[in-house]
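The next block holds one structure in the form of structure tokens; read it before the comments.
Both ligands and their constituent atoms are indexed starting at 1 by order of listing.
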Amino acid sequence: MKHFTSVRGLGRDELESLIATSIAYATGGSVEPVLGDRSVALMFFERSTRTRLSFQLAAEKLGAHVLNLDPSRSSTGKGESLRDTALTVGSIGADIFVVRHSEPGVPDLVGEWTGLPVVNAGDGVREHPTQALVDLVTLRRHFGDLTGLRVGIVGDIRHSRVANSLSSALPTMGIDLAFIGPEEFLPTQVDGVVMSTDLDEVIGGLDVVYLLRVQTERGAEVSADYSGRYRLDESRAALMAESAVVMHPGPLNRGVEVVDEVADGPRSLILHQVSNGVPARMAVLSSLERSLV
Ligand code: CP
């Protein structure tokens with residue numbers, strides 16, 4: 001694999017291989033420094049806590065140097081173009097780029113401009129492929145077999161790059177997917193995905209209630225009745241099957257899509273998702289290592 005900018009086009013075998021490598025990193029002993037003396041450039045033009053820090057730790061655990069570009073203090077503020085910034089960071093010595101940007105497709109452009117491997121750490125509303133891998137690893141570690149698992153993604157699906165990546169990765173793994181939210185947050189029909197505006201009607205049939213934040217930074221608005229219809233509070237969580245779990249890619253807007261008692265409760269896998277971020281990103285970076293010259 002030269003780049004990891006999308007999960008679309010990845011088959012079940014490729015995802016299984018990445019999941020297995022992630023779990024080996026999560027549960028194994030010593031780690032071979034396969035990126036020893038290599039440099040990984042983190043270029044995050046949008047805010048991040050989980051993805052940026054877990055990529056940093058993943059790269060360091062694999063033996064890489066980390067070049068951490070801070071756009072608010074870089075020469076992009078003096079008018080340097082994105083292309084010149086990427087070429088400059090490549091010339092300084094980056095071997096792999098990890099890019100987050102508000103514009104869809106920028107990570108692919110960085111790959112074209114520099115000829116170097118790129119990981120998409122989230123590009124606008126398009127994709128967040130490593131979050132999809134993190135979630136598959138979390139599901140595999142919790143449930144084991146994924147075939148026939150019923151996952152309902154709840155909330156602002158239309159503006160969510162996470163939902164977009166999951167809408168490809170979950171069905172590829174044999175998982176049944178439903179999108180649940182108000183009309184204005186549901187996408188137009190996606191093949192094989194069930195759509196519903198009524199969470200209370202479908203929640204009892206789900207194995208996973210996967211909550212999303214309303215992406216106000218992308219123009220979405222929280223309607224007056226949003227929390228009343230979609231917030232996972234204790235009374236709504238009581239409608240879930242006994243074995244069902246709660247997931248969320250973070251960051252949470254507590255009180256809007258979820259309440260503290262559920263987010264921090266025994267059925268929540270939210271911090272497991274965060275913990276799986278490091279081994280999953282180690283798996284992605286080590287898979288790119290083979291394409292380095
Ligand atoms: N899930 C996720 O991408 O979180 P961050 O924005 O904190 O990286």
Side-chain angles (χ1 to χ4, degrees), residues 4-7 18-19 22 26 40-61 66 68-72 96-107 110 118-139 141-142 151 153-170 185 208-220 232 245-254 256-258 263-264 268-285:
F4 192 75
T5 56
S6 170
V7 288
L18 286 165
I19 293 167
S22 305
V40 174
L42 306 183
M43 302 212 302
F44 279 62
F45 295 91
E46 273 192 341
R47 292 169 190 273
S48 170
T49 299
R50 281 150 281 268
T51 312
R52 189 171 62 79
L53 291 181
S54 58
F55 263 117
Q56 174 156 359
L57 192 52
E60 288 172 357
K61 280 178 179 254
V66 175
N68 216 328
L69 182 87
D70 175 357
S72 70
I96 297 175
F97 284 92
V98 178
V99 179
R100 172 172 286 193
H101 201 282
S102 58
E103 282 298 317
V106 164
V110 170
V118 177
V119 183
N120 178 3
D123 59 338
V125 297
R126 191 178 78 112
E127 281 230 30
H128 195 347
T130 62
Q131 182 67 49
L133 177 61
V134 165
D135 296 337
L136 287 175
V137 171
T138 305
L139 291 169
R141 294 186 76 185
H142 185 80
V151 176
I153 302 182
V154 183
D156 180 12
I157 290 136
R158 185 167 287 188
H159 300 98
S160 172
R161 56 194 175 207
V162 174
N164 197 27
S165 288
L166 290 175
S167 73
S168 170
L170 298 190
F185 289 165
V208 180
V209 180
Y210 191 107
L211 303 168
L212 293 175
R213 181 175 62 86
V214 177
Q215 310 259 311
T216 50
E217 73 273 31
R218 304 195 200 289
L232 196 58
V245 298
V246 178
M247 294 174 69
H248 191 310
L252 312 184
N253 281 165
R254 289 171 182 262
V256 180
E257 71 269 13
V258 67
D264 304 329
S268 170
L269 299 186
I270 295 169
L271 289 180
H272 294 272
Q273 291 171 269
V274 178
S275 301
N276 287 327
V278 176
R281 287 166 179 126
M282 290 170 75
V284 169
L285 291 174

Quiz item: Who passes side-chain hydrogen bond (donor to acceptor under 3.5 Å, both in side chains) against T138, sequence neighbours left out?
Solution: N276
Self-check item: D70 vs R52, salt bridge (Lys or Arg N to Asp or Glu O under 4.0 Å): CA-CA, chis, key distance, verdict
Solution: CA-CA 11 Å; D70 175 357; R52 189 171 62 79; over 6 Å; no
Practice problem: Please indicate whether any nitrogen or oxygen in G250 is less than 3.5 Å from any nitrogen or oxygen in ligand 1. | Solution: yes
Exercise. If you have a sec, work out which protein heavy atom is nearest atom 1 (N) of ligand 1 and how many Å separate them, to one decimal?
Key: P249 O, 2.8 Å
Quiz item: Hey, is R100 one of the residues with a heavy atom under 4.0 angstrom from ligand 1?
Solution: yes
Quiz item: What about H128: any of its N or O atoms under 3.5 Å from an N or O on ligand 1?
Solution: yes
Quiz item: Which value, rounded to the nearest 0.5 Å, describes the distance between E60 atom CD and M282 atom CE?
Solution: 11.0 Å
Quiz item: What residue and atom, counting heavy atoms only, is the protein's closest point to atom 2 (C) of ligand 1, and at what distance?
Solution: T51 OG1, 3.5 Å
Exercise. Heavy-atom distances under 4.0 Å are what count here, so tell me which part of Q273 touches ligand 1: side chain, backbone, both or neither.
Key: neither
Quiz prompt | Minimum-distance protein heavy atom relative to atom 4 (O) of ligand 1 | solution = R50 NE, 3.0 Å
Quiz item: Going by distance alone, is a donor N or O of one side chain under 3.5 Å from an acceptor N or O of the other, for S165 and E127?
Solution: yes
Quiz prompt | Axial cation check for F44 ring with R100, 6.0 Å and 45° limits | solution = no
